[in-house]
Amino acid sequence: MKNRFFAVVFAVLFMLSMLPFTAFAADGKRIVYVEAYGQASNGDGSRDYPFGRLSVAIEDLKDTGGEIVLLSDIDLVNEYVGVMPDITYDLTLNVVNPEHKKCITIRSEDPADRKKIRFSVSRSSATWTMGGPTIFENIYFSFAEKDEYGNSYVYKRIYSNGYPLVMGDGCDSGSSTYFHTGLSPYDTQERESDPENDYIVFKSGSWSFLFGPSTPYSKGRPEYSYYILGNASITGYIAVGPLSSIFIDKASLYVNTTGSVKTVHSAYSIGKGDVDVYLDKGTVTTVESKSLSGGTGDAFSCYVSGASVGKINGNPGGTMEETRLFHTESAKVKGRVSGFDVTEATYKYSEAPYLEIEKKIEALKADYLTEKPKSEENDKVNTGEEGNANDPEENITEEQTPSDSIDPIKDFSDNNSVWLIAVSVISLAVMMIITLRKALEK
């Protein structure tokens, strides 16, 4: 009889331990999983029951931040139209991520098995707009290069949307993709410029084109930065200034890589503002103080220290009011230097900007909550706002009945990490008691 009792207790504890729960990293960071064709609507984000869409996972982490682990390749078309991603689409798609307050890292589970993020749209263009601070790690971006007729004019654009965007270790791209700082034209929210957090970092991989913003902020001029670090390379060109003729305060490019950069332009089209370029390490083929499609900026300043630079052409077409070249004593430009006011040996290389951006990235990763914040309604109940906090009847909303005001399963899930440890310890204790009892009976 007693053995039967212990067996029942153990079975109950075992079933409790099997309830769904959100995974946590060793540091307490929330982790959710995504797998294509997974449980898009009713998955819980665990490894056994992953979300089926990236957007659902982002929505789940929007208040806490955390990590999204990809268990399969993901097609962004599926985020938008919710159909199988192996069909050719004759569409223009603009995917906008849910807004999230904390940083979200999107990564492959195993660095040796790098997952792909695809955009299978052909014939026309597609864009992807970030909804908050985002870091990618060990992800391969595989966007369609050509349409079904072989035409290569398939534009894929990724907008940082004024948030920090980091292409971290193990990231790479096999297609022509345009990256933009500043606000996305496909995000309807109005925001003020935030110079401290408007930057894009490339730490690995080969990338095509980088552009400045095309949409003005509702308040303040944009001030933003690009960082080419690690072994990252830019195979196309970088237009450091704006894509359209808007006013900026300052745009900065920092190159400190073992990779290479093909061409650096002052802007694509600039209204007003300064552009600073720091070439501290790596191979840079050409630097031109040139706005590709018009406009006149204020000042273009190029600082050269340890980078190997092919040639520097200053102010072709008079697109910048001032062009200045600064360099260290040891810096050398292989080709010609023209059109610049050359200031000999006045630039002193500083590691400070690179140390600062690394600290910012680490701070982003550490900026998370270990559990979901309580709803505003619960906060009002706890603080006594809008009713008597001591009167449960008064704090039940119209949509809420006394029977559904408390969800024990949800409460259990929200505190699952503590419960899971407790259940495991109790289960182990019960097993030890059963084993000991049997030994004594012998």
Side-chain angles (χ1 to χ4, degrees), residues 167 172-173 175-179 181 200-212 225-243 250-270 274-295 297 299-351 353-354:
M167 295 294 161
D172 204 352
S173 173
S175 56
S176 296
T177 305
Y178 299 76
F179 285 82
T181 55
I200 300 180
V201 180
F202 296 87
K203 299 184 70 175
S204 63
S206 180
W207 311 91
S208 301
F209 303 99
L210 312 184
F211 289 99
S225 303
Y226 289 107
Y227 296 84
I228 316 300
L229 309 176
N231 62 359
S233 292
I234 307 299
T235 58
Y237 61 81
I238 303 174
V240 185
L243 178 64
K250 181 181 289 186
S252 302
L253 168 66
Y254 295 87
V255 178
N256 193 342
T257 177
T258 58
S260 61
V261 174
K262 186 176 181 180
T263 306
V264 177
H265 296 289
S266 62
Y268 191 86
S269 179
I270 191 170
D274 296 336
V275 176
D276 292 346
V277 173
Y278 297 85
L279 307 178
D280 293 317
K281 184 180 177 182
T283 301
V284 181
T285 305
T286 304
V287 177
E288 289 193 328
S289 171
K290 178 182 179 181
S291 179
L292 292 172
S293 66
F300 181 87
S301 301
C302 183
Y303 302 83
V304 183
S305 62
S308 175
V309 182
K311 60 182 178 181
I312 299 180
N313 298 326
N315 219 28
T319 56
M320 302 296 286
E321 293 183 0
E322 296 181 54
T323 52
R324 301 182 293 238
L325 173 64
F326 304 88
H327 62 86
T328 61
E329 293 180 0
S330 59
K332 295 185 181 298
V333 179
K334 295 180 179 178
R336 72 176 187 273
V337 176
S338 61
F340 271 86
D341 296 326
V342 180
T343 306
E344 298 287 346
T346 57
Y347 171 52
K348 293 184 178 180
Y349 166 74
S350 172
E351 196 178 8
Y354 306 106

Give the intermediate values and the outcome of side chain to side chain contact (heavy atoms under 4.5 Å, CB included) for residues V240 and S266.
CA-CA 5 Å; V240 185; S266 62; over 6 Å; no
Close side-chain approach of N313 and V287, heavy atoms under 4.5 Å:
no
Let me confirm one number: the CG-OG distance from D276 to S301, rounded to the nearest 0.5 Å.
5.0 Å
Is there a side-chain contact between Y278 and Y347 (heavy atoms, below 4.5 Å)?
yes
Quick one: do the S305 and D280 side chains pair a donor with an acceptor below 3.5 Å?
yes
Quick one: CG on L229 to CE on M167, what's the gap to the nearest 0.5 Å?
13.5 Å
What are the two closest heavy atoms between L279 and C302, and how far apart are they?
CD1-SG, 4.0 Å
Looking at S252 and V275, would you say the former's side chain and the latter's main chain have a donor-acceptor pair under 3.5 Å?
no
Report yes if some heavy atom in the side chain of K262 is under 4.5 Å from a heavy atom in the side chain of T235; otherwise report no.
no
Using modelled atom types and a 3.5 Å cut-off, is there a donor and acceptor pairing between side-chain atoms of S233 and backbone atoms of S206?
no
F179 vs W207, test: side chain to side chain contact (heavy atoms under 4.5 Å, CB included). Steps then yes/no.
CA-CA 9 Å; F179 285 82; W207 311 91; 3.7 Å; yes
A side-chain contact here means heavy atoms from C-beta on lying under 4.5 Å apart; do V277 and F300 qualify?
yes
Show, in sequence, the C-alpha distance, side-chain angles and deciding distance for L253 and I238, and conclude whether the side chain to side chain contact (heavy atoms under 4.5 Å, CB included) test is met.
CA-CA 9 Å; L253 168 66; I238 303 174; 4.0 Å; yes
Between N256, V201, I200, T257, which is the residue that forms a side chain to side chain contact (heavy atoms under 4.5 Å, CB included) with I228?
T257
Would you name the heavy atoms of A267 and A239 that are closest together and state the gap between them?
C-CB, 3.8 Å
Is there a donor-acceptor contact under 3.5 Å from the side chain of S291 to the main chain of Y268?
yes
For the atom pair OG (S289) and CD (E321), what is the distance rounded to the nearest 0.5 Å?
11.0 Å
Could you check T285 against V261 for side chain to side chain contact (heavy atoms under 4.5 Å, CB included), going step by step and ending with a plain yes or no?
CA-CA 7 Å; T285 305; V261 174; over 6 Å; no
What's the shortest heavy-atom distance between S204 and N231, and which atoms?
CA-OD1, 3.1 Å
Please tell me if the side chains of V304 and T328 come closer than 4.5 Å, counting only heavy atoms from C-beta onward.
no
Ring centers of Y237, H265 separated by less than 6.0 Å
yes
Does the ring center of F202 lie less than 6.0 Å from the ring center of Y227?
no
